[in-house]
Number of protein chains: 2
Amino acid sequence: MAISERKKKILSAVIEAYISTAEPVGSKTIAETAGLGCSSATIRNELAELVAMGYLEQPHTSAGRVPTPMGYRLYVNELMEKQRLSLEESEEINARLNDRMHELYDTIGDVSKLASQLTDYPAIALTTRSVVTIQRFDLIYVDANTFIIVVMLSNNTVKNKLVRLPVSVDQRMMQRLSSTFNANFTGITEDKITPVLINSTERAVDDTMGLTSVIAAFALEVLTEAETPSSFVAGENMLLNQPEFRDPDKAHRLMRYLSAGGNILPPGMPAADSDEVRVLIGPENVAEELKDSSVVIASYDAGDNMRGLIGVVGPTRMDYSAVAAKLSFLAAGLSKRLGGGEAPPEGMHNKLIIKGDNR
Amino acid sequence: MAISERKKKILSAVIEAYISTAEPVGSKTIAETAGLGCSSATIRNELAELVAMGYLEQPHTSAGRVPTPMGYRLYVNELMEKQRLSLEESEEINARLNDRMHELYDTIGDVSKLASQLTDYPAIALTTRSVVTIQRFDLIYVDANTFIIVVMLSNNTVKNKLVRLPVSVDQRMMQRLSSTFNANFTGITEDKITPVLINSTERAVDDTMGLTSVIAAFALEVLTEAETPSSFVAGENMLLNQPEFRDPDKAHRLMRYLSAGGNILPPGMPAADSDEVRVLIGPENVAEELKDSSVVIASYDAGDNMRGLIGVVGPTRMDYSAVAAKLSFLAAGLSKRLGGGEAPPEGMHNKLIIKGDNR
DNA sequence: TATTAGCACTCGAAGGGCGAGAGTGCCAAC
DNA sequence: GTTGGCACTCTCGCCCTTCGAGTGCTAATA
């Protein structure tokens, strides 16, 4: 059965009312607010059909209607007005982004905090898996027992480590180590750093003090760390604002899942690569803990061919429109600042594509 | 009125029972469990006096007794058995500490996570304020438009930054910059880096491209960051385990306070410098949000003349003994691994001094 | 004098019944 | 297809009662 225009309007009205009040919505409320020229009795008939079609449900016989995940899905895909941020809102986000732009926003912790503060929901930021190699080694001689390893990676980050030695080492040796590592260890992926390679390098530089393995271990550690996706959660406590999490056990379960770095992305879903915002509603989530919550995810260009993800978690009764708009704008702002590519023109934030798990 | 031995035993019994059940404790329970050879009627008399003395209180006329903050204070100061960790427990902590010793435990985030997981309460880790100077600069030439600044600080950490230039620069210039910065910017505190100094340096190296100010800005940023105390909270959701935080609003208030980096240390209290564990009970806390919670704080030697703090937050009905023992052991373990000084002998964790806010 | 048994009393928690109100479903009229 | 009307249903909040844990007091006891 096709869904009529009026039904769509009514469904939207129910969802919007429910989003703001968290109470089941009655026919009278809709007749008054939705502004279709018809009475509550008509609305009741329509509501009954929407229930039959699976877009709404009733907690019990004589309560108002509540949207089902299917209802939310239709709303998100077709009905929802793609909200644009007010000027104040977008200016605030920009201000916050610029404010600390020094160098902070490469820590995903700050990204998630920002997202959480903007949306008033818990937020998770994560980095995607990527392949990284070392581009160059430098060894800085500090004193006979101390040197600094500086390593520049293919993603244009630089890592260092201060090494203190029980024995003394001369600058010539350091020179040798440095050029050999630059010859043998650059441009290769983590799995190419094998004991065999380390041994042959050790012999090549005539190292009897184990310096080679110290440096190689650092290289390995740095690559591993750079390749491992990491995640960061902020604002978990925002959950407690939501009436659906007034049950401390329920809140606790979800918070624990989030803090434990629980995955938000469904396994099949590619780590988004465009400027779209994805919405996962209730049971569409794979994790058991998220089955009655919703997730909104945006991705941004984190520079150096990497993409970052920001996700926001909330009850299914979430203000999808506002959250999606904010996340989208935030992601665009981050892309602009962190991304290597050309900056999107100002006002770009008006483009907002929302995509989900259609079925 | 002096408090008799038997009263002390009864008080301990009440507190311990209350700690484990969170229910007001009745005279009968004590008569049965405490193992003093007397009946519940006698206990009742004693309890009535303990109430009069202010160590206990009754939620209402016909309920059991609940400890007051004053009761907890006496318990923590005098009565509590200084708990030693079981072999398994101390081995577990050691294992966890060794497990990731690679280089993780310089991020205080990991310290707080560990403390939280060990105690099952939210934990905060913080660094103390300290004075840091730069020890040496190195500039690594990558290509004509790129170089890396490497800065070694007096606390033996090394920071770096990759700089991309719109103009090209030659190695001679870099050489000049490097030696001038090493001459002018090392060994000085943050406040000595003034526009005047930067200007004179700029002239000295004949820099028309603003490289001087880029490097100086980085120096300033690094010093500021190194000197600013930072804090990190983990395991906020553990609060929801506690029956006293079943009220979501109450839990939310405290969690918000903690996540916002709310201070746990009373202003007067020195940032502890010995191996003692401090306990702040309920109203002894200065922050309004902590007035009905308790805080246990330990400090550890973070190396390079810095001390770190780990604090655990919970209801006043907290297992002080267990938490204090765990924190103390954890702090000792961290000191041993991070601290510059001599490692304390194994088995050290048997020393456990608890100090609080006596009045 | 300290301890104990006994007993009446108090108070909160849990459970049942009741009325109010919101909202529905259905029907007959338009 | 729409509407007003009306009986019906179900939850929520309220009050009342009951139940039991725990007390305080008193009188008897060591």
Side-chain angles (χ1 to χ4, degrees), chain A residues 1-11 13-15 17-18 20-68 71 243-244 246-247, chain B residues 1-11 13-15 17-18 20-68 71 243-244 246-247:
Chain A
M1 187 212 269
I3 182 166
S4 71
E5 269 318 303
R6 191 171 67 185
K7 280 201 180 60
K8 287 184 184 173
K9 280 204 182 121
I10 293 177
L11 180 58
V14 172
I15 292 181
Y18 188 63
S20 67
T21 65
E23 302 282 320
V25 186
S27 53
K28 203 174 140 208
T29 320
I30 296 177
E32 281 163 6
T33 62
L36 329 162
C38 62
S39 80
S40 67
T42 313
I43 307 278
R44 275 205 291 283
N45 291 331
E46 296 280 51
L47 286 177
E49 287 179 44
L50 283 167
V51 169
M53 293 162 84
Y55 293 113
L56 294 177
E57 64 189 355
Q58 295 175 279
H60 53 267
T61 323
S62 106
R65 300 325 203 270
V66 164
T68 60
E244 25 275 280
R246 292 210 71 79
D247 171 12
Chain B
M1 187 213 267
I3 182 167
S4 72
E5 268 318 302
R6 192 171 64 184
K7 280 201 181 56
K8 287 183 183 173
K9 280 204 181 123
I10 293 177
L11 181 58
V14 172
I15 292 181
Y18 188 64
S20 66
T21 65
E23 301 282 321
V25 185
S27 53
K28 203 172 142 209
T29 319
I30 296 177
E32 281 162 7
T33 62
L36 328 162
C38 61
S39 80
S40 67
T42 313
I43 307 280
R44 274 203 291 282
N45 290 330
E46 296 280 51
L47 286 178
E49 288 179 45
L50 282 167
V51 169
M53 293 162 83
Y55 294 112
L56 294 176
E57 62 188 356
Q58 297 175 279
H60 52 267
T61 323
S62 104
R65 294 339 199 261
V66 164
T68 60
E244 25 276 280
R246 291 211 73 78
D247 172 13

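Residue numbering restarts at 1 for every chain, and letters A, B, ... go by the order of the sequence lines.
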Name the pairs: protein N/O against N/O of nucleotides 10-12 of chain C, kept only if under 3.5 Å.
residue: C/dT10; atom: O2; partner: B/S62; partner atom: OG; Å: 2.9

Legend entry - CA sep, side-chain torsions, deciding dist, call: A/R6, A/T42, side-chain contact (heavy atoms from CB on, under 4.5 Å): CA-CA 11 Å; A/R6 191 171 67 185; A/T42 313; 3.6 Å; yes
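- Not counting sequence neighbours, B/T61 has no partner by the side chain to side chain contact (heavy atoms under 4.5 Å, CB included) test.
- Applying the side-chain hydrogen bond (donor to acceptor under 3.5 Å, both in side chains) rule to pairs touching residues 24-39 of chain B yields B/S27-B/R44, sequence neighbours excluded.
- Each end of the helix from C/dT1-D/dA30 to C/dC30-D/dG1 gets its own axis from five base pairs, and the two axes differ in direction by 20°, given to 10 degrees.
- B/A17 and B/V25 get closest at one heavy-atom pair: CB-CG2, 3.8 Å.
- Near-neighbour residues of DNA chain D inside residues 28-35 of chain B, defined by a heavy atom below 4.0 Å, are absent.
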Legend entry - Intermediate values then yes/no, side-chain contact (heavy atoms from CB on, under 4.5 Å), A/R246 and B/D247: CA-CA 8 Å; A/R246 292 210 71 79; B/D247 172 13; 4.3 Å; yes
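- Heavy-atom minimum distance, B/S4 versus B/E46: OG-OE2, 4.4 Å.
- Partners of B/A31 by side chain to side chain contact (heavy atoms under 4.5 Å, CB included), not counting sequence neighbours, listed by chain and number: B/S40, B/I43.
- We find the CD1-OH distance between A/I10 and A/Y55 to be 14.0 Å, quoted to the nearest 0.5 Å.
- Separation of atoms NZ (B/K7) and CG (B/L47) is listed at 10.0 Å; rounding is to 0.5 Å.
- Remark: B/N45 engages no residue in a side chain to side chain contact (heavy atoms under 4.5 Å, CB included) (not counting sequence neighbours).
- The nucleotide range of DNA chain D contacted by chain A, defined by atoms under 4.0 angstrom from heavy atoms of the protein and reported 5' to 3', is D/dT2 to D/dT11.
- Side-chain atoms of B/L50 and B/I3, non-hydrogen and from C-beta on, do get closer than 4.5 Å to each other.
- When all heavy atoms are compared, the tightest approach of A/Y18 to A/P67 is CD2-CD, 3.5 Å.
- Distance B/I10 CD1 to C/dT3 C1': 12 Å, rounded to the nearest Å.
- When the P atom of C/dA2 is taken as reference, atom NZ of B/K7 falls 10 Å away, rounded to whole Å.
- Every residue was checked against the salt bridge (charged side-chain N to carboxylate O under 4.0 Å, His left out) condition with B/E57, not counting sequence neighbours, and none meets it.
- Residues from residues 36-48 of chain B with heavy atoms under 4.0 angstrom of DNA chain C, sorted by number: B/G37, B/C38, B/S39, B/A41, B/T42, B/R44, B/N45.
- The distance from atom CG of B/L11 to atom CD1 of B/I30, rounded to the nearest 0.5 Å, is 9.0 Å.
- For A/K9, the side chain to side chain contact (heavy atoms under 4.5 Å, CB included) test picks out A/L36, with sequence neighbours left out.
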